[in-house]
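See below for the structure under consideration.
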Amino acid sequence: MSQGLDCVFIRNHPWVEPLHVVAGLGGGDGVLALLSDGGPGGRWSHVGAEPDRVSVGPVDDAALFAALRDPIFGPGTVGLAAYDAGARPATGRRQAIWPDLMLARYPALLTFDHHERSVRIIGRGVTQADAEAAAGRAEGWLGGAKQPEARPAPAETFEIETSEAAYQDAVTDVVSRIAAGELFQANIARAWSGVLKPDADPFYVFLRLQRGRASPFGAYWRIGDRALVSNSPELFLAFDAATGRIEARPIKGTRPRGADPIQDAALAADLLASAKDRAENLMIVDLMRNDLARASQPGSVQVENLFAVESHPTVHHLVSTVTARAAPGVSPADLMEATFPPGSITGAPKHQAMKVIAQHEPPRGPWCGSLFLIEADGGLTASVLIRTASFEREGERWRFRTLAGAGIVADSDPEAECAETDAKIFALRDALISPRD
């Protein structure tokens, strides 16, 4: 059996801005930044480097998260599950543009509590001496914190893969399938891709997103010649291993932010009053209730908050909160297997929605998969990888790909859904190509 890191050393430290710590580390191989905006939906940030175990590759279709049951990948493990791996049982599509599952174990980790304004230095090891040494390395990162440097636009190209006309045709087809009774909703996406300038790398994109556009689940992660940059506002799953509480916060319903406070408030009110957006959100709430029930105590699934408006730097979202109490013995692997891929980016019924998506889109890669952390008590926090770009290095250059989608329902208007994808991609496009500092 693989050897886990059973010895732990924890030390508290006064507050240091996590973004400054990340800037001091730079964006090299193994660097991890799970950065929250510090708002109500994102209390914790985590920073790590120098993983001691890494696993990247394909998985068994029937057990995508089986590796999480190995004690080698216990607390301090970060993982990225690609959307296509989770959809494969429905679609049968073997083509992949990203590894099914990436895992890395971080013996040294910094955890930032934005509400208490404190930092925990965490070291793990096979022996107590190993754990204290790991904590010492993490404490050194705090001493290297610095202000992020302003960066020019890192992208050399930013090209659309899916034209407005092609996307609207896809929406029209899905609406007709809904009318025929094939499904109720499907999330259909558009894609953009390009290449970074010779002197730029994905870390620049992450730093630009963090300036004025931070989100509850911002992330940067690089493993070898692959990197991920995410500005996600969406919690997929939170699992408190001590209490058994499970929480999901699906997003469905979007409006752009207004140019002035009056217009902005009107757009938020329009979203809240929209029967179409409420119906779209409610379908996914029902789907998530069904998914959570597979890993929960009977009768424990409930909707704690329905149709709340959350405002982010570039969009308003309609968000609901679904909770449950985990069944005895449920692990993070069990929970992920019961619910992945996230319902908010598939549709209803989920299995059929994924089939329809595959007929209209090439493989998604990490987009709309999940980035997750196994926490100190064996719990789990997992985001939905929307507002996310994936990067792969080819020689000395980095290529990227990003997507934005919309939930298509019976009364969807193709032009309006296309405009929604433009609103959702705005922040990433701006970070990649805007000439601003």
Side-chain angles (χ1 to χ4, degrees), residues 36-37 39-43 171 174-175 178 183-189 215-217 231-238 245-258 261-293 296 299-325 339 341-350 353 368 381-384 386-387 404-413 416-417 419-421 423-424:
S36 164
D37 60 1
R43 176 174 179 174
V171 172
V174 174
V175 170
I178 293 170
L183 72 167
F184 301 108
Q185 179 179 169
N187 192 86
I188 303 298
S215 66
F217 300 99
N231 202 41
S232 175
E234 185 170 0
L235 174 69
F236 175 31
L237 296 168
R245 176 183 166 88
I246 305 168
E247 179 177 325
R249 303 185 72 244
I251 291 174
K252 268 290 164 244
T254 303
R255 293 291 186 278
R257 297 299 301 264
I262 294 175
Q263 183 192 37
D264 193 57
L267 286 165
D270 179 70
L271 174 61
L272 184 60
S274 168
K276 182 257 186 190
D277 288 289
R278 284 172 172 251
E280 186 180 334
N281 190 287
L282 187 59
M283 289 181 203
I284 302 306
V285 166
D286 285 341
L287 189 157
M288 289 303 302
R289 289 173 62 208
N290 181 67
D291 282 356
L292 290 182
S296 302
S300 70
V301 180
Q302 59 181 321
V303 180
E304 287 195 352
N305 197 357
L306 192 62
F307 309 146
V309 173
E310 284 189 1
S311 298
H312 299 276
T314 59
V315 293
H316 300 289
H317 279 312
L318 203 60
V319 185
S320 295
T321 302
V322 186
T323 64
R325 192 71 57 190
T339 57
S344 62
I345 47 72
T346 51
K350 191 179 200 178
C368 279
T381 298
S383 67
V384 181
I386 56 175
R387 316 299 141 75
I408 312 306
V409 292
D411 57 349
S412 285
D413 174 73
E417 301 293 358
E420 182 173 317
T421 65
K424 289 175 175 175

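Using modelled atom types, one side-chain atom of Lys350 and one backbone atom of Thr339 make a donor-acceptor pair closer than 3.5 Å. Listed for the Ser232 side chain is a donor-acceptor partner under 3.5 Å among the backbone atoms of Val384. A donor-acceptor contact shorter than 3.5 Å is absent between the side chain of Glu417 and the backbone of Ile408. Remark: the backbone N or O of Ser344 is paired with a side-chain donor or acceptor of Lys252 at under 3.5 angstrom.
With sequence neighbours excluded, the residues forming a side chain to side chain contact (heavy atoms under 4.5 Å, CB included) with Asn290 are Arg294, listed by chain and number. The side chain to side chain donor-acceptor pair (under 3.5 Å) check on Ser320 picks up Asn281, with sequence neighbours excluded. Residues satisfying the salt bridge (Lys or Arg N to Asp or Glu O under 4.0 Å) criterion with Glu234, sequence neighbours excluded, are absent altogether. For Pro349, the side chain to side chain contact (heavy atoms under 4.5 Å, CB included) partners two or more places apart in sequence, or in a different chain, are Leu183, Phe184. Listed by chain and residue number, Ala308, Thr321 satisfy the side chain to side chain contact (heavy atoms under 4.5 Å, CB included) test with Asn305 (two or more places apart in sequence, or in another chain). Taking Arg43 as the reference, Asp113 meet the side chain to side chain donor-acceptor pair (under 3.5 Å) condition, with sequence neighbours excluded. Here Lys424 pairs with Glu420 under the salt bridge (Lys or Arg N to Asp or Glu O under 4.0 Å) rule; sequence neighbours left out. Residues satisfying the side chain to side chain donor-acceptor pair (under 3.5 Å) test with Ser311, not counting sequence neighbours, are His316. With sequence neighbours left out, the side chain to side chain donor-acceptor pair (under 3.5 Å) criterion links Ser296 to no other residue. Legend: residues meeting salt bridge (Lys or Arg N to Asp or Glu O under 4.0 Å) with Asp286, ordered by chain and number and at least two apart, are Arg289. By the salt bridge (Lys or Arg N to Asp or Glu O under 4.0 Å) test, Asp411 is found to be paired with no residue, residues two or more places apart in sequence or in another chain being considered.
For the residue pair Ala416 and Asp413, the shortest heavy atom distance occurs at N-OD2, 2.9 Å. Taking both residues in full, the closest heavy atoms of Gly347 and Leu287 are given as O-CD1, 2.7 Å, listed atom of the first, atom of the second, then distance. Across all non-hydrogen atoms, the minimal contact from Phe236 to Ser383 is CB-C, 3.8 Å. Counting all heavy atoms, side chain and backbone alike, Val171 lies closest to Ser412 at CG1-CB, 4.4 Å. In this structure, Leu267 and Arg257 approach most closely via the heavy-atom pair CD1-C, 3.9 Å.
When Glu310, Met288, His317 are each tested for a side-chain contact (heavy atoms from CB on, under 4.5 Å) with Arg249, only one passes: Glu310.
Between the CG atom of Leu272 and the CG atom of Asp277 there is a distance of 10.0 Å, given to the nearest 0.5 Å. In this structure, Glu247 CD and Thr381 OG1 are separated by 9.5 Å, a value rounded to the nearest 0.5 Å. Remark: Ile284 CD1 to Thr346 OG1 distance equals 6.0 Å, nearest 0.5 Å. Expressed to the nearest 0.5 Å, how far CG of Asn187 lies from CD1 of Ile386 amounts to 9.0 Å.
The salt bridge (Lys or Arg N to Asp or Glu O under 4.0 Å) contacts involving residues 300-309 comprise Arg245-Glu304, where partners must be two or more places apart or lie in separate chains.
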Verdict with supporting geometry, Ile188 and Thr421, side-chain contact (heavy atoms from CB on, under 4.5 Å):
CA-CA 10 Å; Ile188 303 298; Thr421 65; over 6 Å; no
Audit row: Leu318, Val309, side-chain contact (heavy atoms from CB on, under 4.5 Å) steps and yes/no
CA-CA 5 Å; Leu318 203 60; Val309 173; 4.0 Å; yes
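Using a 4.5 Å heavy-atom cutoff, the side chains of Leu292 and Thr323 are not in contact.
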